[in-house]
Protein chains: 2
Amino acid sequence: MAKNKRDIDLKVKQDELESTASRLFLSLGYDGTSMNRIARELGVAPNTLYWYYASKDELLVGVLNRQMSQTLVRLPTIVDKPLKEKMAWALREFEQSRELVATVHARLEQSEVIREWHDQFHRFVEAAVIHTLQADGVARERAAMLATVGTFLVEGLLAHPHSESQREAILQWFTESALPA
Amino acid sequence: MAKNKRDIDLKVKQDELESTASRLFLSLGYDGTSMNRIARELGVAPNTLYWYYASKDELLVGVLNRQMSQTLVRLPTIVDKPLKEKMAWALREFEQSRELVATVHARLEQSEVIREWHDQFHRFVEAAVIHTLQADGVARERAAMLATVGTFLVEGLLAHPHSESQREAILQWFTESALPA
DNA sequence: ACCTGAACACCGTTCAAGT
DNA sequence: ACCTGAACACCGTTCAAGT
């Protein structure tokens with residue numbers, strides 16, 4: 001990828017578009033941000049965006065990948081911390097994207113490209129969590145089930161407002177119920 | 001309420017609107033169902049709907065309440081079954097509404113009336129689950145935390161496709177980790 | 001009280017045309 | 001290859017007018 005000047009320029013331009021789209025999606029929400037608005041912010045005609053992305057959903061996927069790659073940069077900082085810390089970190093990472101997480105789930109049925117991104121994202125996260133649990137001595141099959149549960153808890157906490165002590169209690173209970181004594 | 005003929009007629013008409021809207025929302029999704037389409041199905045002008053509901057979101061709330069009251073009718077059939085059965089029942093009840101559940105979460109920030117309905121719904125469900133857990137000998141504070149966890153697991157299972165054995169394993173693990181031995 | 005026709009301000013997207 | 005002006009088919013919603 002990015003073999004020549006052309007591809008590099010393309011990436012640079014896409015990065016610019018996604019940076020602006022990201023900021024607007026996060027502050028106004030996906031539905032609250034029109035393609036028109038994004039284009040205006042960038043100083044281009046609205047249909048220019050369609051030269052880079054086939055649809056608004058594809059632009060969202062670009063934005064999601066952008067966020068993910070930023071999160072991946074910070075991943076090494078918690079890779080050898082205990083499970084509970086890892087979950088708390090994931091919550092903090094995705095907290096600003098709360099609304100986008102909900103948008104992704106709402107658009108699953110309607111958008112193939114969103115569905116693909118979502119499925120791939122879950123496969124990645126579950127594999128990582130399974131790996132962690134196995135390192136802590138949890139059997140393979142059980143680790144897979146617990147990874148799903150852990151994911152649901154993080155998503156639930158993201159979707160619903162809660163106090164710091166609620167979060168703490170849930171993570172504490174989950175990790176001590178999940179891990180061997 | 002419904003003190004006189006007028007109010008009764010209003011309820012009847014609203015029930016007719018919500019029945020049609022419900023069917024369309026469930027088959028085409030909320031975003032996939034235009035007010036125009038609902039009106040056409042009913043044989044009225046699109047703006048007629050606005051005499052009964054201030055907005056599309058308020059119509060959705062009507063539909064949600066309709067679904068809820070149908071579910072409440074069936075609630076007594078599982079009221080004395082064990083927790084695991086209760087959760088499996090709730091999953092079956094809400095399974096057809098998967099998409100509406102996601103829509104509610106996605107519209108939380110944008111619609112006050114949806115937010116109110118959502119918060120009230122969660123308060124109701126959590127109170128019911130806490131009551132069940134306390135009857136099973138779980139302490140009050142712990143029951144509140146576990147009720148939240150149980151809700152997140154049901155929502156997670158609703159939002160994400162999964163096999164029957166996955167569901168079974170998750171419910172089994174949760175109920176046996178939550179309840180005193 | 002209940003419903004309509006016509007319009008409003010927008011939306012995502014397409015297309016032919018420009019450079 | 002990249003971008004635009006103009007349009008398309010729709011959207012939720014409003015309003016003045018009818019009965």
Side-chain angles (χ1 to χ4, degrees), chain A residues 1-18 20-22 24-25 28-63 100 103-104 106-107 109-114, chain B residues 1-18 20-22 24-25 28-63 100 103-104 106-107 109-114:
Chain A
M1 347 294 159
K3 287 175 195 161
N4 53 40
K5 183 90 165 28
R6 280 257 143 74
D7 285 354
I8 290 169
D9 285 351
L10 180 68
K11 289 286 173 220
V12 168
K13 192 80 190 190
Q14 281 185 330
D15 195 64
E16 199 184 326
L17 301 192
E18 285 163 15
T20 296
S22 180
L24 292 174
F25 284 167
L28 309 172
Y30 180 74
D31 285 331
T33 306
S34 68
M35 295 297 266
N36 210 315
R37 173 68 186 268
I38 299 168
R40 202 195 322 142
E41 210 93 356
L42 285 160
V44 297
N47 49 357
T48 297
L49 299 172
Y50 288 86
W51 196 87
Y52 294 94
Y53 304 93
S55 66
K56 194 183 179 186
D57 282 316
E58 280 204 5
L59 175 54
L60 175 56
V61 166
V63 167
L100 290 191
T103 300
V104 165
R107 294 200 62 71
E109 332 267 315
Q110 309 161 55
S111 165
E112 165 114 46
V113 68
I114 295 286
Chain B
M1 343 289 168
K3 287 178 196 160
N4 52 40
K5 183 89 166 28
R6 280 255 144 75
D7 285 355
I8 290 170
D9 284 353
L10 180 68
K11 289 286 172 220
V12 168
K13 191 80 189 192
Q14 281 186 330
D15 195 64
E16 199 185 326
L17 301 191
E18 285 163 14
T20 297
S22 180
L24 292 174
F25 283 166
L28 308 172
Y30 181 74
D31 285 331
T33 306
S34 67
M35 295 296 266
N36 210 316
R37 174 66 186 270
I38 299 168
R40 202 195 322 142
E41 210 92 359
L42 286 160
V44 297
N47 49 357
T48 297
L49 299 171
Y50 287 86
W51 196 86
Y52 294 94
Y53 304 93
S55 67
K56 193 182 179 186
D57 282 316
E58 280 205 4
L59 175 55
L60 175 57
V61 166
V63 167
L100 290 191
T103 300
V104 164
R107 295 200 61 72
E109 332 266 315
Q110 311 162 53
S111 165
E112 165 113 46
V113 66
I114 294 285

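In what follows, every chain begins at residue 1, and chains take the letters A, B, ... in the order their sequences are listed. Below, all heavy atoms of this structure are taken into account, side chains as well, without hydrogens, waters or symmetry copies.
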Calculate the interatomic distance between A:Asp57 atom CG and C:dT13 atom P; express it in whole Å. 7 Å
In Å and rounded to the nearest 0.5 Å, what is the CG to OH distance from B:Asp57 to B:Tyr30? 3.5 Å
In whole angstroms, the gap separating C1' of D:dT14 from CG of B:Leu49 amounts to 14 Å
Find the distance A:Gln14:CD to D:dA1:P and express it as a whole number of Å. 15 Å
May I have the step-by-step check of side-chain contact (heavy atoms from CB on, under 4.5 Å) for B:Leu60 and B:Val113, ending in yes or no? CA-CA 10 Å; B:Leu60 175 57; B:Val113 66; over 6 Å; no
Here the pair of heavy atoms bringing A:Ala21 nearest to A:Ile38 is CB-CD1, 4.2 Å
Under-4.0 Å side-chain N/O to phosphate OP1/OP2 contact, A:Lys56 with C:dC11: no
Given C:dC2, D:dT4, D:dT13, which nucleotide is nearest the side-chain atoms of B:Trp51? C:dC2
Under the rule of Watson-Crick or G-U wobble with both distances under 3.5 Å, where | means paired to another strand and [ ] a crossing pair, DNA chain C maps to ||.|||||...|||||.||
To the nearest angstrom, the CZ-C1' distance between A:Arg40 and C:dC10 comes to 12 Å
Applying side-chain contact (heavy atoms from CB on, under 4.5 Å) to A:Leu10 and A:Tyr52, what does each step give before you reach the verdict? CA-CA 8 Å; A:Leu10 180 68; A:Tyr52 294 94; 3.7 Å; yes
Does the side chain of A:Leu42 come within less than 4.5 Å of A:Thr48's, by heavy atoms? no
Nearest-Å distance for atom pair CG/P, residues B:Leu42 and C:dC3: 11 Å
Which part of the nucleic acid, if any, lies within contact of B:Tyr52, taking any heavy atom under 4.0 Å across all strands shown: a base, the sugar-phosphate backbone alone, or nothing? sugar-phosphate
Could you check whether B:Tyr53 and B:Glu18, counting side-chain N and O atoms only, form a donor-acceptor pair closer than 3.5 Å? yes
Please state how far atom NZ in B:Lys13 lies from atom C1' in C:dA1, giving the value in whole angstrom units. 12 Å
Can you tell me how far the CD atom of A:Glu41 sits from the CG atom of A:Leu17, to the nearest 0.5 Å? 12.5 Å
Any residue in residues 30-38 of chain B with a heavy atom nearer than 4.0 angstrom to DNA chain C? Just list them by number, or reply none. none
Measuring from atom OG1 of A:Thr103 to atom CD of B:Glu109, what distance do you get when rounded to the nearest 0.5 angstrom? 8.5 Å
Considering just the side-chain nitrogens and oxygens of B:Tyr50, establish if one lies under 4.0 Å of OP1 or OP2 belonging to C:dT4. no
Minimum-distance pair of heavy atoms, taken over all atoms of B:Ala106 and A:Ala106: CB-CB, 3.6 Å
From CD of A:Glu16 over to C1' of D:dC2, roughly how many Å is that when rounded to an integer? 14 Å
